[in-house]
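Accompanying notes for the structure given below.
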Amino acid sequence: TLRRPGYPHQAWITSTPVDKYHWTYWLYHPEEARAGEYIDPEYAEAFGEHGEGNYVEFHGHTRDNPYGGEEHYQMMIRSTGINTPRYKRELLGEFTVSESMVLPDFDPEKHIVPEGKWPGKPTRFVIGVDFGWEDPFAMLVIGIDYRGHVYIVDEFYRRHFPEHLIPRVVQRAVRHYKASYVFPDPSSPGKVSAIRATGCPVWTRGINKWGEADDPTTGIGIMTWLLRNNLPDGSQRLYISPRCTHFKQEIESWVWPDDQRADQNRKEKPRAKADHLMDCLRYNLMGMNVLGWLSPKSSLAPQKYEARFVA
């Protein structure tokens, strides 16, 4: 048996992969699981010592099966769709993000685009800030061009970042991108005041509202709208720089609690884990919405702009 000591035991498991929060993902992909915070600490402690290097994964596609694989594939895509988490899991044999994603319309192949292939150049920038110590201190830079394309341009993501350096780092980011506003976490007034003291254009009013994904007045609702709707010219609204690696990890691991699907009626908040850049995203989008930058009638052509500093 596998418990008998003194033998080089081996075991074979055949299964359809689950999502990236399942304990088997930690066994077979420990580095990716740790980087994406896809597993609870108790699982990491239980499997971390002997998980790396002892587990090998082989996966196959449904279409590879010479005995009816193609026919089964064509039948399944009618219900799974193509490039959905269920499609990748059941037909490609891949570990995927959870189907309870807060933003299930996110598609890395579509939305992560090198800057050289962006349809325009951002003319205005904002910076969202989320504070932390054990949790990371995070900043997210978002730009928008005069046609209404939204660009997630850059990120800053550090654990145990000294608190006294935060105002300086934010100030440097504001100067580098000539950001019109900084939208920090309003629940930390002391840290917000320290950033404001450097002369940064801080705005905190109306940026921390929660709500359902289909509510366009919330950060989640605005992001859902950006992902689902194109501009009148047919181009997609949202583009993400490949340099924003932590953003990609967080958006894929940002899920509703209790494995409830995003299309269900809900009032609770998403699971508060690996959501630091997601908070920055919400602050930015809520602030941009308050300013009217995301309105179809908003004119965002380059112009002299007088910033108002509102507590």
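- Residues F106 and I240 meet the side-chain proximity criterion, which asks for heavy atoms closer than 4.5 Å.
- By the 6.0 Å contact criterion, CZ on R168 is open, its count of non-hydrogen atoms from other residues, nucleotides or ligands being 12 or less.
- Residues V170 and C200 form a side-chain contact, since some pair of their non-hydrogen atoms from C-beta on lies under 4.5 Å apart.
- Side-chain contact check for P184 versus V192: some heavy-atom pair is nearer than 4.5 Å.
- Geometrically, R89 does not engage Y87 in a cation-pi contact defined by less than 6.0 Å to the ring centre and at most 45° from the axis.
- Contact of the M278 side chain with the D130 side chain is not registered, since no non-hydrogen atoms from C-beta on lie closer than 4.5 Å.
- Between R147 and D233, at least one side-chain nitrogen of the basic residue sits less than 4.0 Å from a carboxylate oxygen of the acidic one, meeting the salt-bridge criterion.
- The backbone N or O of L140 sits less than 3.5 Å from a side-chain atom of N284, completing a donor-acceptor pair.
- With W133 as the aromatic partner, R159 does not meet the cation-pi criteria of under 6.0 angstrom to the ring centre and within 45 degrees of the ring axis.
- A salt bridge between R63 and E70 is present, with a side-chain N of the basic residue lying under 4.0 Å from a carboxylate O of the acidic one.
- For H149 and Q236, the side-chain atoms include no donor-acceptor pair closer than 3.5 Å.
- To the nearest 0.5 Å, atom CG of residue L103 and atom CZ of residue R228 are 9.0 Å apart.
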Could you go step by step and tell me if Y157 and E250 meet the side-chain hydrogen bond (donor to acceptor under 3.5 Å, both in side chains) rule? CA-CA 11 Å; Y157 193 90; E250 285 201 0; 3.3 Å; yes
I'd like to know whether D107 forms a side-chain hydrogen bond (donor to acceptor under 3.5 Å, both in side chains) with H111, so could you lay out the CA-CA distance, the side-chain angles of the two residues, the decisive distance to 0.1 Å, and finally the verdict. CA-CA 6 Å; D107 182 351; H111 295 111; 5.9 Å; no
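- Between Y181 and Y283, the side chains place no donor N or O within less than 3.5 Å of an acceptor N or O (distance only, hydrogens not considered).
- The structure places NZ of K248 at 13.5 Å from CG of L277, a figure rounded to the nearest 0.5 Å.
- Two residues are said to be in side-chain contact when any heavy atoms from C-beta on lie closer than 4.5 Å; D185 and D279 fail this criterion.
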